[in-house]
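I have placed the structure first, in the form of structure tokens, so that the comments after it can refer back to it.
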Amino acid sequence: MEILNDYIKSLCGAGRCGQAPSPEMTAYAANLDIIAKSYPDIARAIIRELLDQRSYLKLIASENYCSYAVQAAMGNLLTDKYAEGYVGKRFYAGCDNVDDIERRACDEAKKLFGAEHAYVQPHSGADANLVAFWAILRHKVQTPALERLGQTNLLNISDTEWGEIRHALGNQRIMGLDLYSGGHLTHGYRHNISGQMFDVHFYHVDKETGLLDYDKLRKQLLEVKPLILLTGFSAYSRNLDFECLRGMADEAGAVLMVDMAHFAGLVAGKVLQSRYNPIPYADIVTTTTHKTLRGPRGGMVLCTKEYAEYVDKGCPHVLGGPLPQVMAAKAIAFEEANRPEFQAYAAKVAENAKALAEALVKRGINVPTGGTDNHLVLVNLDAPGITGTQAENAMRECGLTLNRNTIPGDKNGPWITSGLRLGTPALTTLGMGPDEMKEIADIFADVLAAVKPKLKKNGDPTKTEYNLNADVKKRSLERVRRLLDKHVLYPELDGAFLSKYL
Ligand code: DSN
């Protein structure tokens with residue numbers, strides 16, 4: 001807040017101050033004028049968010065900055081249309097234009113990823129996973145059970161028969177990467193619906209190396225024999241070998257589901273190819289569209305033809321009405337990601353993450369797995385002796401926005417945590433490169449060394465409060481400011497002009 005307020009005072013330093021308004025600036029101002037007329041507080045929050053993101057280094061691995069075209073597609077009258085169902089098969093009249101938009105988004109997604117089938121309605125990655133889970137359950141459990149009863153329609157079976165099918169649907173085994181190993185909440189965590197609807201068996205990374213042990217995983221898979229082997233992660237910094245995972249899934253008779261939410265942009269941008277690209281190997285792939293993929297906030301399912309009819313029934317099975325404005329934005333983002341410029345961007349995201357991890361290791365920071373193959377870097381905070389919460393807050397005070405994260409065997413649990421996660425997608429979009437990553441690693445290491453936990457009355461360290469060296473903070477803020485002055489977010493938007501909404 002303090003940083004943002006200082007920044008607001010110096011607004012002429014941001015954007016194209018003094019130049020003629022760009023077309024983007026004119027469009028933004030027109031929209032803000034409409035909002036500000038009756039809702040000045042909302043207009044103010046939008047501008048403050050822009051300025052906040054301009055005044056901090058955004059290192060959150062799951063965030064990015066999308067294009068103006070993506071943003072514009074989301075803010076219009078498409079939001080007024082209901083279109084439950086899917087292309088050509090809707091529960092509402094008047095869906096011709098939504099059909100065109102959804103078809104275009106699906107076609108762009110298939111072209112971009114080389115997938116047999118695409119479903120672009122999920123509102124988030126969690127929704128996409130739910131659609132995928134239920135597509136698998138219906139295809140592999142419900143349909144065969146109905147067939148055994150000589151039926152095709154659930155409404156034609158008795159309550160007892162339905163009870164047996166429901167019991168079977170609710171008792172299937174899944175294997176997912178546990179949260180502390182970098183897996184996602186939706187991969188079977190007990191506080192998520194995925195942990196409540198499946199009999200979950202977690203696999204883990206090695207506590208010492210931080211790496212996935214494929215032999216151990218194969219052994220566990222053959223013992224558990226789950227319906228679904230779910231791979232993918234929120235915080236694992238090495239490549240997954242999907243050829244190997246496909247092989248073991250086949251041996252165990254499991255469906256291979258991949259959640260590529262974090263690395264979809266690296267697949268689209270051809271950084272992850274051959275055995276590291278899940279599309280040719282998985283039965284079902286889910287993703288978000290706003291992380292490395294740099295599109296609107298949302299989700300998507302890609303699958304083989306075998307699962308297409310089940311996936312397409314995501315709405316109304318588990319989803320409410322689709323968001324046509326977001327599907328339009330997805331179509332645009334997928335087309336953008338199919339351009340050579342995006343491939344160059346994706347390569348730089350990975351190159352920057354590598355440079356960041358190497359520079360952190362050089363400064364003595366504990367990076368589990370010793371580095372990264374993708375866009376994210378994990379940091380273990382056991383050695384500096386502070387928690388994820390303390391480090392996250394101290395970093396933010398010093399101009400770095402990033403998030404705390406569990407590490408393998410985390411003794412502080414998923415709220416306080418013992419780690420940090422850093423990512424390069426957003427800063428790479430701003431045009432930063434390896435030199436800036438080295439500078440950021442240096443700032444990060446200086447701040448980390450300057451944070452000490454406050455002590456309780458009995459002398460034990462607290463888990464949330466800390467002392468931060470004031471000189472280090474001042475120096476870090478100056479260094480962050482210098483980096484951001486050279487890499488302005490949405491530079492077409494004139495900071496001085498926008499200050500009228502503040
Ligand atoms: N929130 C996303 C992330 O940060 O990884 C996943 O849900």
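Count residues from 1 along the sequence. Counting starts at 1 for both ligands and their atoms, in listed order.
Within a 6.0 Å sphere centred on CZ of Arg297, heavy atoms belonging to other residues, nucleotides or ligands number 12 at most. Remark: Glu208 CD is loosely packed, at most 12 non-hydrogen atoms of other residues, nucleotides or ligands lying under 6.0 Å away. Counting heavy-atom neighbours within 6.0 Å of Arg138 CZ, excluding the residue itself, gives a total above 12.
Given atom 5 (O) of ligand 1, the protein heavy atom at minimum distance is His262 NE2, 2.7 Å. Atom 7 (O) of ligand 1 has His184 NE2, 2.6 Å as its closest protein atom, hydrogens excluded (heavy atom only). For atom 1 (N) of ligand 1, the closest heavy atom belonging to the protein is Ser62 OG, 4.4 Å.
Ligand 1 has no N or O atom lying under 3.5 Å from any N or O atom of Lys291, backbone or side chain.
Here the side chain of Thr387 pairs a donor or acceptor atom with the backbone of Lys463 at under 3.5 angstrom.
The proximity of Arg421 to ligand 1, defined as any non-hydrogen pair under 4.0 Å, is limited to the side chain.
Aromatic rings of His139 and Tyr307 (six-membered ring for Trp) have centroids within the 6.0 Å cut-off, being under it.
Of all the atoms in ligand 1, the ones that sit under 4.0 Å from a non-hydrogen atom of Ser234 are 5 (O), 6 (C).
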